[in-house]
Amino acid sequence: MPVEAIPSSLTLCTEIYTHLSPDDRILDFGTGTGKTYAELQSKGFSKFTGVDLNLEAVRFASYELK
């Protein structure tokens, strides 16, 4: 399955937006390829830190989110 086809947690749980504001600082453990970050960034969130043990996923995220 291509990375783009895997839904982010925000796609699966859209009500989380009712608990966040664009000024919030967000820490995402298990960020994977950064899909959650990309979705939040597209909605105006910018204070985001992603952490993951999967080095390949982090490399992909670093490349894709530049």
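The salt bridge (charged side-chain N to carboxylate O under 4.0 Å, His left out) contacts involving residues 37-57 comprise Glu56-Arg59, where partners must be two or more places apart or lie in separate chains.
For the pair Phe48/Thr31, a side-chain contact is recorded, criterion being any heavy-atom separation below 4.5 Å from C-beta on.
More than 12 non-hydrogen atoms from other residues, nucleotides or ligands lie less than 6.0 angstrom from CG of Leu27.
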Start with the C-alpha distance between Ile26 and Leu40, add both sets of side-chain angles, then the distance that settles side chain to side chain contact (heavy atoms under 4.5 Å, CB included), and finish with yes or no. CA-CA 10 Å; Ile26 300 165; Leu40 286 168; 3.7 Å; yes
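In this structure, the side chain to side chain contact (heavy atoms under 4.5 Å, CB included) partners of Ile16, at least two apart in sequence or on a different chain, are Leu10, Leu20.
Arg25 CZ to Thr49 OG1: the interatomic distance, rounded to the nearest 0.5 Å, is 8.0 Å. Residue Ser46 holds its OG atom at 7.5 Å from OH of Tyr37, rounded to the nearest 0.5 Å.
The two atoms that bring Pro22 and Gly44 nearest to each other are CB-O, 3.7 Å, heavy atoms only.
Hydrophobic clustering (ILVMFWY, side-chain heavy atoms < 4.5 Å, transitive): Phe60 and Val58 are in distinct clusters.
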